[in-house]
Enquirer: 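The following block contains the structure, expressed as structure tokens.
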Amino acid sequence: MIALVDYKAGNLTSVRKALGTLGAAFFTPESSAELEGVDGVIVPGVGHFSSTAHLDAGWRQAIEGRVLAGVPLLGICVGMQWLFEGSEESPDCPGLGVLPGHCTRLAGNQAAGVKVPHVGWNALVPPAGASSRLLAGVAPGAQVYFTHSYAGPVTNDCVAATTHGTETFSAAVERGKVFGVQFHPEKSSDVGLRILTNFLEVCR
Amino acid sequence: MLSKRVIACMDVRDGQVVKGVQFQDLRHAGDPAELAKRYNVEGIDEVVVLDITATLEGRRTLADTVRAVAAEIFLPLAVGGGIRSESDAATVIEAGADKVSLNTAALKQPELITALANRYGSQAVIVAIDAKRHDDRFAVYVRSGSTDAARDAVEWAREAEARGAGEILLTSMDRDGTKSGFDCALTAAVSRAVNIPVIASGGAGGVEHFVDVFTDGCADAALAASIFHYAESSVHELKVHLRDHGIPVRL
């Protein structure tokens with residue numbers, strides 16, 4: 001059973017639809033206590049980093065507890081940014097901090113037509129030598145759908161980087177069973193469904 | 001590198017896809033869910049559903065249409081037409097829309113842009129601008145293109161961005177339905193003036209028009225309806241053509 005964490009940051013309709021299509025059993029927990037015994041946790045999200053403040057101490061402890069117990073965790077978009085220590089978007093609101101680094105705003109370059117937010121389909125480029133369970137079967141250069149203005153740094157946890165203009169950021173991260181994707185797999189056609197399937201496999 | 005998006009638009013009336021020429025003479029083009037299913041496999045990057053139903057009863061079917069379309073695609077889905085309040089937006093978002101497109105309502109009550117951006121994020125808010133050439137300027141029209149809003153398209157796009165819009169959907173009324181090509185001058189003027197993506201619309205007739213709007217027009221995305229509905233142009237062939245002209249696309 002997968003827990004889909006709803007912290008009121010926009011709509012979960014697309015993620016629900018994708019999980020349902022893939023045959024996953026999932027629910028939206030009413031309280032952090034309901035995370036006990038789940039096989040996987042997904043923290044989705046579109047919107048502002050500050051909305052993660054809804055995930056209070058109780059939620060943070062429960063999610064960290066699941067991570068320590070070896071339960072797979074997937075953060076999507078703002079949910080991935082929340083895995084880092086924090087974000088420039090909301091400096092007073094700490095991230096979960098299971099990954100080192102801080103998220104920063106994409107600068108863009110209006111004169112060169114490089115716009116922010118970064119909206120649209122862009123390529124996943126795995127760093128040399130990276131191996132990833134999340135991206136198994138996904139061809140290097142495969143494109144996925146992004147919509148965001150802030151992004152996480154390319155660190156040792158990065159399993160796919162993406163470049164917008166001249167800026168390169170982490171599109172997918174993986175550390176043990178902690179996974180994050182800056183893009184929206186639920187809106188990324190077959191490639192996105194493959195990535196969600198890979199996460200569900202790890203949860204088995 | 002960020003790909004240029006090719007977007008398929010469905011104008012929907014009473015739950016059925018129709019397509020007009022210069023906002024009139026609608027003709028039947030099919031079932032929205034069937035078309036969406038085709039787009040999902042053909043390589044369309046995004047789908048827009050525009051409700052052009054005039055009646056209140058018809059509008060109630062929009063949520064059903066959105067649900068049916070959303071069930072067929074794992075692509076971004078934007079919905080517009082007659083969205084006048086937060087509750088109208090909530091209805092289509094809960095039905096499966098990722099973005100809402102505001103047009104007349106955004107001009108009448110621009111605070112709605114900000115309210116929706118605060119609630120759902122800017123990425124969920126498109127401001128649609130219908131523009132018509134007036135000499136060397138571009139005038140904004142509202143109420144399905146029937147009323148001159150006495151606003152300049154470039155200036156209004158800038159204000160929409162400042163108020164929280166995440167994208168601009170820019171339709172040339174002069175070109176809409178004519179298949180004579182996008183209005184590149186209009187698109188470039190707006191695209192250069194804002195730092196958010198601009199979707200060009202109106203006039204798509206062939207692959208060359210897409211090359212033009214992505215180069216001369218500085219468009220971030222280009223939208224067409226009828227050429228995709230009637231399968232006059234294969235999405236794959238279009239994208240190969242764009243790639244061969246050095247334009248980044250998802251293939």
Enquirer: With a 4.5 angstrom heavy-atom cut-off, which part of A:Val114 approaches chain B: side chain, backbone, both or neither?
Expert: backbone
Enquirer: Please indicate whether A:Asp190 has more than 12 foreign heavy atoms, meaning atoms of other residues, nucleotides or ligands, lying under 6.0 Å from its CG.
Expert: no
Enquirer: Let me know if B:Ala219 has heavy atoms under 4.5 Å from chain A in its side chain, its backbone, both or neither.
Expert: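 Answer is neither: B:Ala219 stays 4.5 Å or more from chain A.
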Enquirer: Judged by modelled atom types alone, do B:Ser191 and A:Lys115 share a side-chain donor-acceptor pair under 3.5 Å?
Expert: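 Yes.
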Enquirer: Which heavy atom in B:Gly166 sits nearest to a heavy atom in A:Pro117, and how many Å separate them?
Expert: O-CG, 4.2 Å
Enquirer: In terms of heavy-atom proximity below 4.5 Å to chain B, should A:Glu186 be classed as side chain, backbone, both, or neither?
Expert: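 For A:Glu186, the backbone is the part near chain B, not the side chain.
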Enquirer: Is it the side chain or the backbone of B:Val47 that comes within 4.5 Å of chain A heavy atoms, both, or neither?
Expert: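 When you check distances to chain A, no heavy atom of B:Val47 falls under 4.5 Å.
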Enquirer: Please check if atom CG in B:Asp64 has more than 12 non-hydrogen atoms from other residues, nucleotides or ligands closer than 6.0 Å.
Expert: yes
Enquirer: Looking at NE2 of A:His164 and CE of B:Met1, how far apart are the two atoms once the value is rounded to the nearest 0.5 Å?
Expert: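 Answer rounded to 0.5 Å: 11.0 Å.
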Enquirer: Given a strict heavy-atom distance threshold of 4.5 Å, which part of B:Ala90 is in contact with chain A: side chain, backbone, both, or neither?
Expert: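 Neither part.
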Enquirer: Select, from B:Val194, B:Asn40, B:Val41, the one with the greatest count of heavy-atom pairs under 4.5 Å involving chain A.
Expert: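 Greatest number of close heavy-atom pairs with chain A: B:Val194.
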Enquirer: Quick one: pull up OG1 in A:Thr13 and CG in B:Asp98 and give me the separation to the nearest 0.5 Å.
Expert: 8.5 Å
Enquirer: Between A:Lys17 (side chain) and B:Ala70 (backbone), is there a donor-acceptor pair under 3.5 Å?
Expert: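 Answer holds: yes.
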Enquirer: Considering only heavy atoms, which portion of A:His118 lies under 4.5 Å from any heavy atom of chain B: side chain, backbone, both, or neither?
Expert: side chain
Enquirer: Quick check: are there more than 12 heavy atoms from other residues, nucleotides or ligands sitting under 6.0 Å from CD of B:Glu111?
Expert: yes
Enquirer: How many angstroms lie between atom OG1 of A:Thr147 and atom NZ of B:Lys99, to the nearest 0.5 angstrom?
Expert: 6.0 Å
Enquirer: For A:Thr21, is it the side chain, the backbone, both or neither that has a heavy atom under 4.5 Å from a heavy atom of chain B?
Expert: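 For A:Thr21, side-chain heavy atoms alone lie under 4.5 Å from chain B.
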Enquirer: Looking at A:Arg133, I'd like to know if its CZ atom is crowded, meaning that more than 12 non-hydrogen atoms belonging to other residues, nucleotides or ligands lie closer than 6.0 Å.
Expert: yes
Enquirer: Is chain B contacted by the side chain of A:Ser189, its backbone, both, or neither, given a heavy-atom distance below 4.5 Å?
Expert: both
Enquirer: Evaluate the side-chain proximity of A:Trp121 to B:Val6: yes if any heavy-atom separation is below 4.5 Å, no if none is.
Expert: no
Enquirer: From B:Leu2 CG over to A:Gln143 CD, what is the distance, rounded to the nearest 0.5 angstrom?
Expert: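 One gets 8.5 Å once the value is rounded to the nearest 0.5 Å.
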Enquirer: Do the numbers put A:Lys187 on top of the ring of B:Phe74, so that NZ or CZ is under 6.0 Å from the six-membered ring centre and no more than 45° off the axis?
Expert: no
Enquirer: Nearest 0.5 Å, please: how far is CZ in A:Phe146 from OG in B:Ser3?
Expert: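 Spacing of OG (B:Ser3) from CZ (A:Phe146) equals 10.5 Å.
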Enquirer: Exactly one of B:Gln123, B:Arg5, B:Glu46 should register a side chain to side chain contact (heavy atoms under 4.5 Å, CB included) with A:Val119. Which one does?
Expert: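 Filter result, single survivor: B:Arg5.
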Enquirer: Answer with side chain, backbone, both or neither: which region of B:Asp220 has an atom nearer than 4.5 Å to a non-hydrogen atom of chain A?
Expert: side chain
